2 protein chains.
Amino acid sequence: MARNKDLNKQMRDERREQILSNALRLFAVNGLAATKISDIATISGFSQGLIYHYFRSKEDIFTELIREAFGKLNHAARELEKLPVPPREKIKIALEELLKSFEKSENFALSHLLIAQATVSDAIPKEAKKIIAAENMVPYEIITRIIIEGQKDGSIKQFDSNDLALVFWTSVKGLAMHRAAHGKKYKTPDKNILMSMFFT
Amino acid sequence: MARNKDLNKQMRDERREQILSNALRLFAVNGLAATKISDIATISGFSQGLIYHYFRSKEDIFTELIREAFGKLNHAARELEKLPVPPREKIKIALEELLKSFEKSENFALSHLLIAQATVSDAIPKEAKKIIAAENMVPYEIITRIIIEGQKDGSIKQFDSNDLALVFWTSVKGLAMHRAAHGKKYKTPDKNILMSMFFT
DNA sequence: GTCTATATCCAGATAGAC
DNA sequence: GTCTATCTGGATATAGAC
């Protein structure tokens, strides 16, 4: 009996993941308001009403996606900061990994795009706004700290560290947007271009 | 009589401009679907129904804004290319002017944001999609040509010219997004950071 | 030109059969 | 668990008074 329960729960979780993944693309590309529950249901292969067996509302799905997106991004940023390598290497690795992830995984780029759009928008659920307010500055702060370290040891250029961190993340977001907009036609740019803002 | 007609037309045009400017902020920030005609009417200071004396539909306003945004952007890009200065200077001027415009004019940043969001979205009017398809690549192509020129005379770094042009525009778009999201709290980053991707 | 009232449509969410 | 049918609310667009 416990077996069946576990199996059921697992199938339910898989279904939820499937819905979330489909919803991510639609929300990131078209936004919350322009995405219909019936769109999500259709590309997930079942009826409109069934969505409500897995989620309480459209806003719930959106909020869950925002939560996941920040969870992953900020976890990665914290792990990056802890790496036992010099600061210059951390920036290099971050840029490389971000570019590689954009190339490999459309969902990764979509997740960044979702965050970007949700951050500017007023028309999102209250709960999502709270998550953004709490989590949005974390990657920025971490990159700033790493940059300051790298400037102390002279391995990172002496621009204003806040400016550098700002340009780091805005450039990455811009790239995510482009990747999401152009899909398969997207070609990852040479990582050395972005790196030349930080290193001589 | 002709006097009165001209005056009426002028007032009408001013009113249209006012509506467009208010709509720009709402569309850029919240998107087409999440923006209600009544929102636009309210911040413009009149009733919901009156919008329809100036525009045929919500989609019409959106399309007009897209048309204007590309009109200005692509005009500026073409003027840039014609400037009687070396290619290296053109890139420098472009970056300077873009950063300065973001700082001075919120509408300028919003206009870039509108283009960025409309480019990724499927949920926009057909007519707007056509404009995007026709105009979207123009700035990219112009910057690519300028970069190639600058690489010939050795004044611009020898990265792949398409990659450089891509990073140029995605970085600018990322900055526009950030400017639009953070409004008055936005501080323009040191232009030399972005320039160091292009110049030694 | 401007407003109020309303027709119409559409999408989110629910109920209930299977 | 899944579907179909339906309730309900809200937004676009129109009509008509002033």
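Just so it is clear, the model here is predicted, and its values are computed rather than measured. Throughout, a chain's letter reflects where its sequence line sits, starting with A, and its residues are numbered from 1.
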*What string of B, S and - do you get for nucleotides 10-16 of chain C 5' to 3' if you count protein non-hydrogen atoms under 4.0 Å?*
-SBBB--

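Applying a 4.0 Å cut-off to non-hydrogen atoms, the residues of residues 9-17 of chain B that approach DNA chain C are Arg15(B), listed by residue number.
Screening residues 92-103 of chain B for side chain to side chain donor-acceptor pair (under 3.5 Å) gives Glu97(B)-Lys100(B), Glu103(B)-Thr188(B) as the qualifying pairs, with residues at least two apart or on separate chains. Counting only residues at least two apart or on different chains, no salt bridge (Lys or Arg N to Asp or Glu O under 4.0 Å) pair has a member in residues 108-117 of chain B. Applying the side chain to side chain donor-acceptor pair (under 3.5 Å) test to pairs two or more places apart or on separate chains, those with a residue in residues 51-77 of chain B are Asn74(B)-Glu135(B). Pairs of residues two or more places apart, or lying in two chains, that qualify as side chain to side chain donor-acceptor pair (under 3.5 Å) and include a residue from residues 10-35 of chain A are Lys9(A)-Asp13(A), Gln10(A)-Glu14(A), Ser21(A)-Asn107(A), Asn22(A)-Ser44(A), Arg25(A)-Glu106(A), Asn30(A)-Ser121(B).
With sequence neighbours left out, Lys152(A) forms a salt bridge (charged side-chain N to carboxylate O under 4.0 Å, His left out) with Glu149(A). Scored by the ring-ring contact (aromatic ring centres under 6.0 Å, His included) test, His112(B) finds Phe102(B), Phe108(B) as partners (sequence neighbours excluded).
For Leu26(B) and dA11(D), the CG to C1' distance is 15 Å, given to the nearest whole Å. In this entry the distance linking CD1 of Ile40(B) with P of dA13(D) reads 10 Å, nearest Å. In this structure, OH of Tyr54(A) is placed 13 Å from C1' of dC3(D), rounded to the nearest angstrom. Atom-to-atom, CD of Gln18(A) to C1' of dT2(D) comes out at 14 Å; the value is rounded to the nearest Å.
Contacts of Phe55(A) with the nucleic acid, taken as non-hydrogen atoms under 4.0 Å apart, are absent.
Residue Ile131(A) is grouped with residue Phe27(A) when hydrophobic side chains (ILVMFWY) are merged at heavy-atom distances under 4.5 angstrom, including chains of intermediate members.
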Identify each donor-acceptor pair in which a side-chain atom of residues 163-174 of chain B lies under 3.5 Å from a protein atom, sequence neighbours left out, and give them as a table.
{"unit_1": "Asp163(B)", "atom_1": "OD1", "unit_2": "Lys187(A)", "atom_2": "NZ", "d": "2.7"}
{"unit_1": "Asp163(B)", "atom_1": "OD2", "unit_2": "Lys187(A)", "atom_2": "NZ", "d": "3.4"}
{"unit_1": "Asp163(B)", "atom_1": "OD2", "unit_2": "Asp190(A)", "atom_2": "N", "d": "2.9"}
{"unit_1": "Trp169(B)", "atom_1": "NE1", "unit_2": "Pro139(B)", "atom_2": "O", "d": "3.1"}
{"unit_1": "Thr170(B)", "atom_1": "OG1", "unit_2": "Leu166(B)", "atom_2": "O", "d": "2.9"}
{"unit_1": "Thr170(B)", "atom_1": "OG1", "unit_2": "Val167(B)", "atom_2": "O", "d": "3.4"}
{"unit_1": "Ser171(B)", "atom_1": "OG", "unit_2": "Ser171(A)", "atom_2": "OG", "d": "3.2"}
{"unit_1": "Ser171(B)", "atom_1": "OG", "unit_2": "Val167(B)", "atom_2": "O", "d": "2.8"}

